[in-house]
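Reviewing the structure listed below.
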Amino acid sequence: MDDAALAEFLRARRALVRPKDVGLDAGDARRRVTGLRREELAFLAGVSADYYVRLEQGRGHRPSESVLESLARALRLDEELTEHLYALARPAPTATRTRERVPDTVQELLDAWTTTPATVTSRRMNVVGSNALACELAPCYVPGTNLLRAVFLDPGTRETHVDWKAAASDAVANFRARIGTERDDPELKELIGELSLRSQEFRELWARHDVRTTTAGAKSFRHPELGVISLRFHAMPLEDGQVLTVMHARPGSPDEQSLALLATMTAT
């Protein structure tokens with residue numbers, strides 16, 4: 001069990017549970033924290049306060065399945081966060097294989113989609129493959145770019161995303177989902193350390209311990225010549241931790257016309 005990682009996760013998620021969410025009086029004058037106190041969380045989970053304190057201090061024994069289930073319920077974790085909690089409480093897994101090069105056959109597929117922006121990213125959120133339309137839509141999709149660095153450190157990427165806060169939140173939560181409990185990868189450590197040092201926004205989002213795999217949704221991009229283009233996307237897992245993301249416009253919409261024009265500009 002990764003005692004330190006589990007303790008950090010419990011502290012972070014406890015701070016996000018508001019007293020009123022669980023029927024407690026949030027107007028208590030003695031309350032100095034916005035989230036739950038340790039003893040309150042312990043009571044809700046049906047464990048002793050002393051045992052829960054040891055867990056948050058990284059001194060607890062491996063929690064049983066029933067304790068983990070109770071903690072997940074008390075912390076109001078969704079299914080994916082609950083799976084992450086269980087993973088932290090199990091023996092540390094071996095490192096997951098990471099591929100930082102897109103297979104030739106996949107790149108051929110990307111290039112064949114001349115009217116559909118598409119990218120492939122690795123577990124470390126590096127863009128390892130994309131087509132010309134995706135690169136024209138947003139420079140952060142150029143192969144070799146790390147999406148996390150681009151989102152938090154590149155002013156141009158911040159300007160490109162119409163809803164930057166949502167893009168940043170999704171990027172961090174998806175990153176945690178991809179790396180799971182992996183902590184031994186030197187490049188991951190370097191990336192997290194760099195972003196934590198250089199971006200307060202990253203530090204705040206990272207501290208939340210949100211874990212979310214986004215498979216579909218919508219994004220709006222600000223193009224310098226065509227203005228705002230709103231697209232839908234679908235993300236599909238490939239081998240070795242890679243993810244294929246394909247974007248398209250709603251049929252018959254102005255965005256479809258803008259995307260078609262962008263494709264023509266790209267071909268030219």
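The chain is numbered in sequence order, starting from 1.
Note on Asp170 versus Arg212: salt bridge recorded, some NZ/NE/NH1/NH2 to OD/OE distance being below 4.0 Å. For Arg149 and Glu194, the salt-bridge test passes: some basic side-chain N is under 4.0 Å from an acidic carboxylate O.
Residues Phe175 and Leu147 are not in side-chain contact: their nearest non-hydrogen atoms beyond the backbone lie 4.5 Å or more apart. You'll find the side chain of Phe43 stays beyond 4.5 Å of the side chain of Val22, heavy atoms only.
Heavy-atom minimum distance, Arg11 versus Glu56: NH1-O, 2.6 Å. Contact detail for Asp255 and Val228: the closest heavy-atom pair is OD1-O, 4.0 Å.
Judged purely by atom type and a 3.5 angstrom limit, Arg13 uses its side chain to pair as donor or acceptor with the backbone of Arg208. In this structure a side-chain-to-backbone donor-acceptor pair under 3.5 Å is missing from Asp210 to Ser169.
Using a 30° and 60° split on the angle between ring planes, Trp164 and Phe152 fall in the perpendicular class, above 60°.
Note that CG of Leu259 and CG of Leu137 are 7.5 Å apart. Values are rounded to the nearest 0.5 Å.
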Anything under 3.5 Å between a donor and an acceptor, one on a side chain of residues 124-133, the other on a protein residue two or more places apart or in another chain? List them.
unit_1, atom_1, unit_2, atom_2, d
Arg124, NE, Asp185, OD2, 2.9
Arg124, NH1, Glu100, OE2, 3.0
Arg124, NH2, Asp185, OD1, 3.4
Arg124, NH2, Asp185, OD2, 2.8
Asn126, OD1, Asn146, ND2, 2.8
Asn126, ND2, Glu100, OE1, 3.0
Ser130, OG, Tyr141, O, 2.9
Asn131, OD1, Ala118, N, 3.3
Asn131, OD1, Ala134, N, 3.0
Asn131, ND2, Leu110, O, 3.2
Asn131, ND2, Trp113, O, 3.0
Asn131, ND2, Thr116, O, 2.7

Worksheet item: Where do Leu10 and Leu75 land on the side chain to side chain contact (heavy atoms under 4.5 Å, CB included) test, with the steps shown first?
Response: CA-CA 8 Å; Leu10 291 173; Leu75 290 168; 3.8 Å; yes
